[in-house]
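Only one structure is covered here, and it is reproduced in the block below.
In listed order, ligands and their atoms are each counted from 1.
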Amino acid sequence: MRSYTLIAPAKINLYLEIIGDRPDGYHELIMILQSIDLADQIDLQASVTDKIRVRCDNPQVPSDNSNIAHRAASLMAEEFPEVFAKYGGVDITIHKNIPVAAGLAGGSTNAAAVLIGMNLLWNLGLTQIELEELGAKLGSDVPFCVAGGTAIATGRGEQLSPLPSLDAIYLVLGKYRSLEVSTAWAYKTYRQEFGSSYIRDANSLVSRAEAVHSGSMVKAIVHRDAAQIGQNLHNDLERVVLPIYPQVLQLREVFASAGVLGTMMSGSGPSVFALCESQQQAEQVKFHVEKTIPDEDLELFITRTTTHGIQVRSLV
Ligand SMILES: C[C@@](CO)(OP(=O)(O)O)[C@H](O)COP(=O)(O)OP(=O)(O)OC[C@H]1O[C@@H](n2ccc(N)nc2=O)[C@H](O)[C@@H]1O
Ligand SMILES: Nc1ncnc2c1ncn2[C@@H]1O[C@H](COP(=O)(O)OP(=O)(O)O)[C@@H](O)[C@H]1O
């Protein structure tokens with residue numbers, strides 16, 4: 001029986017700008033996405049049955065067909081019915097290290113790993129672009145998780161252009177265990193509160209060009225200038241999440257007071273990251289936060305940016 005183990009990294013958003021709403025209910029975005037080396041492990045095994053089964057060691061994560069890893073396997077079965085009939089089902093085991101509902105694309109990266117793993121398990125020979133296209137059917141962040149590294153994402157987040165990779169910039173990541181933010185809620189609230197300010201005419205396009213700085217962020221990445229990357233972090237969703245979650249705002253302020261290169265909420269939150277000059281600074285910042293916010297509910301991780309997307313670790 002063949003099996004694969006895949007390592008599926010989380011992402012952070014170095015930049016997230018909402019530029020408009022869309023008729024399909026989604027939002028038009030400019031994002032810069034970055035893989036980090038905090039990762040889940042996904043074991044995929046061909047099953048003797050014709051069933052898709054998911055297990056996860058984190059009780060917050062469903063194991064039925066609402067798990068996005070299950071949805072990824074079902075999509076493969078629907079797209080390739082003859083291959084499914086030939087090879088049968090698959091058992092998926094998720095070892096969760098990425099905090100759940102945190103704005104770190106934990107579910108999306110699991111789905112990307114399943115697409116990549118089943119492509120191998122079923123000898124489909126799909127290209128990365130084809131896997132990204134399948135990923136877009138599952139969620140806006142899945143194509144990026146298939147690709148990994150550093151990328152600009154536009155459209156609803158599924159249209160990718162790679163950027164020069166940013167390896168080994170240290171960051172401290174904080175997440176309150178008991179807080180979860182629904183992505184759908186965050187975008188819906190943004191639309192209700194700030195939707196009237198979307199850019200809809202040429203004059204406002206000019207003022208937006210003056211107000212936003214995705215270009216400065218791209219330049220900072222091209223020059224691998226961590227200090228400038230820290231200065232240009234941006235996330236529009238902070239406008240709706242921070243007022244509702246004072247702990248998240250406080251964490252962000254404590255990171256800022258520790259003299260980091262920059263700090264920002266990731267995606268729809270509530271995790272917050274702080275970019276650091278070195279591993280040593282990251283350790284000092286983590287220590288500072290532990291002393292300043294002595295709360296058992298707050299989980300802190302030291303991690304790094306990585307050039308890796310999904311990695312295939314072993315084949316048995
Ligand atoms: C906010 C971001 C930032 O990277 O990620 P997370 O914080 O969830 O990790 C993404 O935009 C999320 O991507 P993803 O989590 O894949 O979202 P999806 O499943 O496609 O969509 C979840 C819901 O978010 C809203 N949504 C998502 C993307 C988008 N461009 N506009 C939206 O309005 C829609 O209401 C949708 O029903
Ligand atoms: N494989 C999975 N891993 C994590 N969460 C999952 C998974 N499948 C479904 N979910 C559900 O998806 C929701 C969003 O979780 P997650 O993908 O971790 O967050 P985010 O979209 O903020 O990055 C959670 O409510 C969780 O229960």
Taking only non-hydrogen atoms of Gly106 and a 4.0 Å limit, the atoms of ligand 2 in range are 17 (O), 18 (O), 23 (O)
Polar contacts were defined as any N/O atom of the residue lying under 3.5 Å from an N/O atom of the ligand; does this apply to Gly103 and ligand 2? yes
If we only count N/O pairs under 3.5 Å, is Ile68 in contact with ligand 2? yes
Ile42-Trp122 co-clustered via ILVMFWY side chain contacts under 4.5 Å: yes
Heavy-atom distances under 4.0 Å decide this one: backbone, side chain, both or neither, for Val142 against ligand 1? neither
Can you tell which part of Ala102 has a heavy atom less than 4.0 Å from ligand 2: side chain, backbone, both or neither? backbone
Do any nitrogen or oxygen atoms of Ala101 lie less than 3.5 angstrom from nitrogen or oxygen atoms of ligand 2? yes
Do Leu233 and Met217 have side chains that approach each other closer than 4.5 Å (heavy atoms only, starting at C-beta)? yes
So if you build clusters from Ile, Leu, Val, Met, Phe, Trp, Tyr with side-chain heavy-atom gaps below 4.5 Å, do Ile94 and Ile7 land together? no
Answer yes if Leu134 and Val54 sit in the same cluster of Ile, Leu, Val, Met, Phe, Trp and Tyr residues linked by side chain heavy atoms under 4.5 Å apart, and no otherwise. yes
Would you call Gly157 a ligand 1 contact, heavy-atom distance under 4.0 Å? no
For atom 26 (N) of ligand 1, which protein heavy atom lies nearest, and how many Å away is it? Tyr187 CD1, 3.3 Å
Within the structure provided, determine whether Phe301 and Leu104 are in side-chain contact (heavy-atom separation under 4.5 Å). no
Are Ser140 and Glu158 close enough, and set up right, to give a side-chain hydrogen bond (donor to acceptor under 3.5 Å, both in side chains), and what steps lead you there? CA-CA 5 Å; Ser140 313; Glu158 86 292 11; over 6 Å; no
Would Ser66 and Asp64 satisfy side-chain hydrogen bond (donor to acceptor under 3.5 Å, both in side chains), going step by step from the backbone distance to the final call? CA-CA 5 Å; Ser66 68; Asp64 59 10; 2.6 Å; yes
For atom 26 (C) of ligand 2, tell me which residue out of Leu104, Val54, Val100 has the closest non-hydrogen atom. Val100
For atom 4 (C) of ligand 2, state whether the nearest protein heavy atom is under 4.0 Å away. yes
Backbone, side chain, both or neither: what part of Ser140 comes under 4.0 angstrom of ligand 1, heavy atoms only? both
Mind checking whether Asp141 contacts ligand 1 via backbone (N, CA, C, O), side chain (CB onward), both or neither, at a 4.0 Å heavy-atom cut-off? both
Consider every N or O of Ala69 and every N or O of ligand 2, then say whether any pair is closer than 3.5 Å. no
Considering only heavy atoms of Gln60, which atoms of ligand 2 have at least one such atom less than 4.0 Å away? 27 (O)
Students often mix this up, so state it plainly: with edges at 30° and 60°, are the rings of His27 and Tyr187 parallel, tilted or perpendicular? parallel
Proximal ligand 1 atoms for Leu29, defined as those under 4.0 Å from one of its heavy atoms: 11 (O), 30 (N)
For ligand 1, find out whether one of its N or O atoms is nearer than 3.5 Å to an N or O atom of Ser266. no
Answer yes if Val312 and Val90 sit in the same cluster of Ile, Leu, Val, Met, Phe, Trp and Tyr residues linked by side chain heavy atoms under 4.5 Å apart, and no otherwise. yes
Would Lys96 count as a contact residue for ligand 2, given that I'm defining contact as a non-hydrogen atom of the residue lying under 4.0 Å from a ligand atom? yes
Could you list the atoms of ligand 1 found under 4.0 angstrom from a heavy atom of Ser108? 16 (O)
Pairwise distance CD1(Ile30) to CD1(Ile19) - rounded to 0.5 angstrom: 4.5 Å
Region of Lys11 engaging ligand 1 - heavy atom pairs below 4.0 Å: side chain
Kindly determine whether Lys219 and Asn232 satisfy side-chain hydrogen bond (donor to acceptor under 3.5 Å, both in side chains), including the steps that lead there. CA-CA 10 Å; Lys219 196 168 152 197; Asn232 285 289; over 6 Å; no
So does Arg177 have more than 12 non-hydrogen atoms from other groups sitting under 6.0 Å from CZ? yes
Do the non-hydrogen side-chain atoms of Arg239 and Tyr190 ever get within less than 4.5 Å of each other? yes
Element-labelled atoms of ligand 1 that are located less than 4.0 Å from some non-hydrogen atom of Gly139: 16 (O), 20 (O)
Closest candidate by heavy atom, reference atom 1 (N) of ligand 2, pool Asn110, Asp141, Thr183: Asn110
Gly269, Ser268, Ala186: member with heavy atom nearest to atom 7 (O) of ligand 1: Ser268
Per-atom filter on ligand 1: closer than 4.0 angstrom to a heavy atom of Leu16 are 3 (C)
Does Ser66 reach ligand 2 with a nitrogen or oxygen that is under 3.5 Å from one of the ligand's nitrogen or oxygen atoms? no
Within the structure, is a non-hydrogen atom of Ala105 found at a distance of less than 4.0 Å from ligand 2? yes
Is there a donor-acceptor contact under 3.5 Å from the side chain of Thr306 to the main chain of Ser35? no
Within a distance under 4.0 Å of any heavy atom of Gly267, pick out the atoms of ligand 1 and give their elements. 3 (C), 7 (O)
Pull out every atom of ligand 1 sitting under 4.0 Å from any heavy atom of His27, numbered as shown with elements. 29 (C), 30 (N), 31 (N), 32 (C), 33 (O)
Is Gln192 atom CD crowded by more than 12 heavy atoms from other residues, nucleotides or ligands, each under 6.0 Å away? yes
Ala153: heavy atom below 4.0 Å from ligand 1, yes or no? no
Looking at Glu299 and Lys175, is there a salt bridge between them, counting it only when a charged N and a carboxylate O are closer than 4.0 Å? no
Does Lys96 NZ have over 12 foreign heavy atoms under 6.0 Å away? yes
Check Tyr26 against ligand 1 and report side chain, backbone, both or neither, counting heavy atoms closer than 4.0 Å. both
Which atoms from ligand 1 have a heavy atom of Ala105 less than 4.0 Å away? 9 (O)
What protein heavy atom is closest to atom 8 (O) of ligand 1, reported as residue, atom name and distance in Å? Thr183 OG1, 2.8 Å
Got a salt bridge between Lys137 and Glu78, using NZ or NE/NH1/NH2 to carboxylate O under 4.0 Å? no
Lys/Arg N to Asp/Glu carboxylate O, Glu290 vs Lys286, below 4.0 Å: yes
Atom 6 (C) of ligand 2 has as its nearest protein heavy atom Val61 CG1, 4.2 Å
If the cut-off is 4.0 Å to any non-hydrogen atom of Gly25, which atoms of ligand 1 fall inside it? 33 (O)
Is there a polar contact, in the sense of an N or O pair closer than 3.5 Å, between Glu180 and ligand 2? no
What part of Met31, side chain, backbone, both or neither, has a heavy atom within less than 4.0 angstrom of ligand 1? side chain
